[in-house]
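Written out below as structure tokens is the structure these notes cover.
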Amino acid sequence: MKKYRVVGQDVEKVDGRALVTGQPVFTDDFSLPGMLYGKILRSPYAHALIKEINASEAEKLKGVEAVFTYKNVPRKAYTTAGQGYPEPSPYDSFIFDKKVRFVGDRVAAVFAESLSIAEEALSLIKVEYEELPAILDPEDALKDGAPVIHDEPEIQGAHDPSRNIVSHVDLEIGDVDQALRDSDFVVEGIWETQYAQHCPMEAHIAIAYLDERGKLVIRSSTQVPFHARRILSFLLGIPISKIRVIKPRIGGGFGAKQEVLIEDLVALATLKTKRPARLELTREEEFVSSRTMHPMKVKVRLGADKEGMLKAIEMDILSNTGAYGAHGPTVFFNAGSKTLPLYNKAENVRFTGNVVYTNLPVAGAYRGYGATEGYFALECAIDELARKMGIDPLILRQKNHIRPGETSPIFKKLGEGREGVPQTVESCGLEECIENGRELFEWEKKRSLPREVAPGIYRGYGMAIMMQGSAIPLVDMASATIKMNEDGSFLLLVGATDLGTGSDTILAQIACEEIGIPVKNITVYSSDTDFTPFDKGAYASSTTYLSGEAVRKAARKVKEQILTVAHILLGASGDLVIEDGLVKEVGTGKTLTLEEIGLRSFYMADQRQIQATASHVSEVSPPPFAAHFVEVEVDTRTGKITPILYVAAVDCGVAVNPQLTRGQIIGSIVNGLGFALSEGLVFNTRGMPLNPNFLDYKVLSSLDIPEIEVILVETHEPSGPFGAKSVAEICINGPLPAVANAVYDALGIQLKKAPFTAESVLRLLGKI
Amino acid sequence: MRDFKYFRPRTLKEALSILTQERAKVLAGGTDLLVKMKDGLLRPESVMDISFLEELKFIREEEGMVTIGALATHSMLERSPIINTKAPHLAEASRSIGSPQIRNVATIGGNIVNASPAGDSLPPLYTLEAELLLESEKGSRIVAIEEFFTGPGQSIIEPHELLTAIRFKAPRGELLTFFQKLGQRKALAISKVSVAFLATCAADKKFLRKVRIALGAVAPTVIRAREVESFLENGSINEEMVDLAAKLCSEEARPISDIRSTLVYRKKVTGELLKRGLSQFIEGVIS
């Protein structure tokens with residue numbers, strides 16, 4: 001593998017110093033004179049009609065500048081999902097509607113001189129509701145005579161709103177029923193995931209103002225500034241040329257900010273009052289009214305022959321998208337498309353299911369994007385199959401997983417809520433991931449130890465393998481601009497959206513590697529729809545892979561421009577290279593500084609700005625791969641599961657910045673362990689969340705996290721920048737099945753419903 | 001949070017006078033009060049901040065009586081040599097509360113007056129049969145901790161009264177203590193169940209003498225497990241006794257189901273926590 005100078009190095013985060021010294025980098029570190037503060041009135045009912053809404057008292061309150069209800073805003077069906085155009089999510093949302101569809105749905109918004117005045121004004125809005133029967137269980141959504149949640153005539157893009165179905169798939173490759181009949185071993189089960197929330201440190205926040213040209217400027221904590229601009233233009237009926245969206249530093253998103261959730265309201269307030277307007281969700285709103293993971297019931301059936309070769313895989317899903325269908329179809333498709341190709345030896349595959357509306361919080365994009373739910377079922381079923389056959393689950397996986405140069409028909413059949421794109425897997429280090437992980441974890445040795453380590457205390461050892469994708473092929477586009485200053489320094493302008501992921505640093509490394517300069521010589525700007533070129537935004541594990549390749553292409557063009565000038569200046573005819581910011585003629589040792597080139601280009605001869613813009617669309621979505629191993633301890637007296645050791649071997653192609661790569665891997669494992677052990681919204685019988693706060697919704701603390709060992713299994717992906725793929729999401733898929741498999745190994749109980757609480761363990765043990 | 005009057009007395013005397021006049025809510029560490037105010041569960045007209053009253057920040061032992069000022073923080077308790085020797089389970093409980101940041105400001109007085117059945121410092125104080133000193137401008141009274149609480153969040157303290165100190169007789173002789181709790185995670189977790197245990201044992205270390213057991217989060221207030229206490233008193237600790245004690249203990253618990261756990265789980269685990277704690281003594285001091 002080629003040695004790189006900047007790529008592959010643990011370069012310090014380019015924004016690290018600003019963050020740790022508390023520089024004003026976030027959306028809310030910015031205040032404008034005369035700024036108004038917004039608050040949203042939320043529905044107390046899971047399903048109701050607004051018979052009457054009277055805001056006149058609120059409007060009269062001193063300090064209130066604007067009140068919005070369904071009566072005074074445009075009525076246009078749209079989707080809040082920040083996806084490419086046309087969005088695969090249904091148009092089933094309105095700024096405000098006469099109907100509320102979950103506890104926490106929008107009813108009205110107030111903008112006032114202060115937050116406390118806005119809060120007081122909310123209490124003065126009189127609303128008369130007519131409560132409707134609600135659907136609080138996704139199973140009920142499909143029943144005959146179920147209430148219809150979306151009966152509005154404007155709805156578009158949902159499969160069958162009259163039956164609460166957002167999306168439906170019935171896909172079969174080969175003959176699954178026949179293959180299952182012919183199989184020597186068949187297993188089946190249903191695995192269920194919960195309502196989990198992203199819990200970014202920074203809640204959704206947006207500030208709008210009018211600039212001196214009368215342009216609407218929105219500073220927002222968004223993962224998708226360009227999609228936000230496009231959706232706002234459509235929704236508010238103002239041209240794109242009159243909207244500018246700025247993404248400052250973001251305090252985490254994990255998918256929750258791949259949505260346009262509050263920008264429309266600050267825009268309305270600013271357009272109406274001509275004053276700056278600010279709106280920030282509270283933590284409770286973040287839990288209840290922003291977005292969550294899609295709770296799914298995933299049924300899996302597997303069939304295998306005597307040799308342990310998979311013959312058939314069937315996956316049937318009931319996905320609960322909540323009151324609105326943002327990301328509903330695509331998350332569902334991904335539950336199959338990111339899991340089924342992993343076991344491409346099975347020639348008969350069926351993927352079926354429904355995405356349904358319920359009167360519960362709205363699910364959306366969440367790191368893993370459906371694959372997490374799919375892998376929980378698939379990887380637990382694989383373990384069950386191995387037990388039934390009496391073989392090591394590691395060996396069963398080795399026999400059946402995809403290898404380099406292979407493909408799966410699923411790639412073509414399942415895409416973004418529609419057909420996908422066929423591809424052959426070029427880089428695949430899964431075999432090494434399993435091998436290296438197995439060795440470090442001491443898989444066979446550990447599994448030969450007695451499980452009871454002290455009276456009532458059992459240890460168990462489990463594993464899971466997984467893949468994800470890198471960007472959405474033939475849909476996602478990214479672009480980048482690089483400019484050189486006369487002192488030989490550079491500016492990198494990207495629409496790509498660093499939200500704490502480290503992508504500004506990664507993209508700087510890619511640009512610098514290509515040009516031949518150190519990272520300190522480049523400044524990265526992301527993202528501003530008026531000043532940086534288009535990028536679809538931060539989602540689908542794509543910034544390193546897709547935006548990175550756009551950056552690399554732009555850097556290549558800039559380098560060519562530099563070398564053209566250098567050839568003239570050096571009078572050289574031979575090969576020139578740029579190393580550490582110095583142009584060198586190979587063989588002669590003649591050198592030239594970039595400053596000399598910059599000064600000449602700006603002021604002396606052949607005058608021009610050295611700069612280039614490049615765009616990139618990928619024809620493939622190369623999967624990263626991983627093998628996870630976990631050791632857990634279970635106290636059978638209290639039911640408590642404690643993870644002891646976690647080993648993750650990951651193939652993300654070339655790791656552009658190994659330290660940041662490890663950060664993503666550890667972060668996503670901790671995120672996934674939260675799903676496995678403690679996280680989950682709980683509702684009462686009226687659809688009201690009971691724990692929308694950090695006191696009662698338990699994200700794991702640092703004391704709950706096991707020792708995590710990361711092994712980077714580097715491969716070289718030919719379609720990625722310097723061989724890179726992606727790593728942002730993949731490892732969130734491991735903890736649910738690996739922990740469940742480890743607990744089975746310890747105690748012989750099957751945890752099929754997340755989170756695996758102490759109560760559920762004792763119940764399965766028959767102790768309570 | 002809406003506006004309120006804010007008082008910051010410089011002396012205890014001044015504080016008691018403000019309480020008589022203002023019916024102010026008392027702010028000590030603020031880790032319960034401010035959360036409730038932020039959530040709109042409490043909307044006091046006035047708040048009296050006593051966090052500057054140095055005279056209530058102490059832990060001392062005099063003539064076999066340990067006295068803790070109401071403003072002693074959990075950090076002070078977990079580090080205090082007096083508490084670590086005279087009531088190690090109280091130190092242990094204090095150590096398990098919240099996070100270091102919370103323990104640095106949250107006070108034992110606040111933990112008591114907040115009156116949560118899941119308050120972690122309470123079960124050890126029950127086993128110590130602590131007494132609470134309630135002072136007001138008119139006078140003072142001493143209340144046994146068990147008499148203080150009337151329900152979740154409810155106690156007999158009057159609005160003009162201030163809890164100023166907690167005291168208990170330092171247990172004498174060989175001590176066996178533990179504090180066990182279960183939460184949804186290892187830190188910053190409200191207890192699903194907690195068990196505090198205090199026993200003195202005979203000089204020959206053969207038998208338990210006085211046994212005091214208190215259970216947290218399994219009833220409207222912290223409760224004593226008196227049946228288990230008398231079962232264990234004057235006995236020795238062996239596996240059979242421990243199993244029976246655990247069973248009895250589960251029966252004495254009267255928990256409910258809520259957001260953190262279920263009735264059946266809490267009942268079961270109350271006994272298991274007692275067992276887990278007692279098991280460490282089987283081959284320990286008592287033989």
Side-chain angles (χ1 to χ4, degrees), chain A residues 114-120 122-123 282-284 454-457 635-643 670 673-674 676-684 688-706 755-768, chain B residues 1-4 31-32 35-36 38-41 43 95-96 98-102 116 118 180-195 239 242-243 246 250 255 257-280 282-283:
Chain A
S114 75
L115 208 50
S116 54
I117 296 173
E119 278 167 6
E120 196 184 338
L122 289 190
S123 66
T282 61
R283 182 56 61 183
E284 181 170 344
I457 310 284
D635 186 332
T636 55
R637 297 164 305 188
T638 62
K640 192 163 171 48
I641 302 170
T642 308
V670 171
L673 284 171
L677 298 174
S678 64
E679 291 186 44
L681 281 175
V682 182
F683 301 89
N684 71 8
M688 189 174 289
L690 297 172
N691 58 340
N693 55 65
F694 283 144
L695 185 66
D696 296 317
Y697 180 101
K698 295 297 186 194
V699 175
L700 297 184
S701 78
S702 52
L703 294 177
D704 300 293
I705 296 163
F756 314 143
T757 60
E759 287 80 359
S760 63
V761 170
L762 286 199
R763 226 174 284 133
L764 285 170
L765 287 172
K767 294 200 171 188
I768 56 173
Chain B
M1 211 187 281
R2 67 171 194 185
D3 295 351
F4 53 86
T31 57
D32 283 313
V35 174
K36 287 180 188 167
K38 217 177 121 196
D39 290 349
L41 298 172
R43 298 167 186 273
R95 211 168 284 135
S96 78
S99 63
Q101 295 91 327
I102 287 173
S116 162
Q180 292 275 347
K181 86 174 207 184
L182 268 188
Q184 288 162 291
R185 65 181 170 202
K186 285 188 185 159
L188 285 160
I190 295 173
S191 293
K192 292 177 183 178
V193 179
S194 66
V195 177
E239 267 182 46
V242 169
D243 280 345
S250 284
S257 291
D258 66 9
I259 186 97
R260 284 180 283 280
S261 191
T262 62
L263 186 157
V264 277
Y265 179 83
R266 283 190 162 111
K267 231 173 153 44
K268 172 81 186 163
V269 162
T270 307
E272 292 297 339
L273 285 189
L274 181 75
K275 190 166 157 184
R276 186 200 270 180
L278 287 176
S279 299
Q280 60 190 322
I282 292 180
E283 287 169 29

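Letters go in sequence order (proteins before strands), and every chain restarts at 1. Fair warning: this is a prediction, and the values are worked out from it, not measured in the lab.
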Given a strict heavy-atom distance threshold of 4.5 Å, which part of A/D635 is in contact with chain B: side chain, backbone, both, or neither? side chain
Chain B: which of A/K640, A/E284, A/K698, A/E120 shares the most heavy-atom pairs with it under 4.5 Å? A/K698
The side chain to side chain donor-acceptor pair (under 3.5 Å) partners of B/Q184 (sequence neighbours excluded) come to none
Are B/R266 and B/D258 within salt-bridge range, i.e. N to O under 4.0 Å? yes
Proximity breakdown for B/K267 and chain A, heavy-atom pairs closer than 4.5 Å: neither
Who among A/A758, A/S702, A/S678 has the most heavy-atom pairs with chain B under 4.5 Å? A/A758
Could you tell me which portion of B/A189 (side chain, backbone, both or neither) has an atom closer than 4.5 angstrom to a non-hydrogen atom of chain A? both
Would you call A/L690 and A/D696 a side-chain contact if the rule is heavy atoms closer than 4.5 Å? no
How long is the gap from NZ on A/K767 to OG1 on A/T638, to the nearest 0.5 Å? 9.0 Å
Quick check on the interface: out of A/V699, A/L677, A/L700, A/T642, who has the most heavy-atom pairs with chain B under 4.5 Å? A/V699
For chain B, find which of A/D704, A/L703, A/N691, A/V682 contributes the most heavy-atom pairs closer than 4.5 angstrom. A/D704
Any donor-acceptor N or O pair under 3.5 Å, side chains B/Q180, B/S194: no
Drop me the distance from B/I190's CD1 to B/S261's OG, to the nearest 0.5 angstrom. 13.0 Å
Considering only heavy atoms, which portion of B/L188 lies under 4.5 Å from any heavy atom of chain A: side chain, backbone, both, or neither? backbone
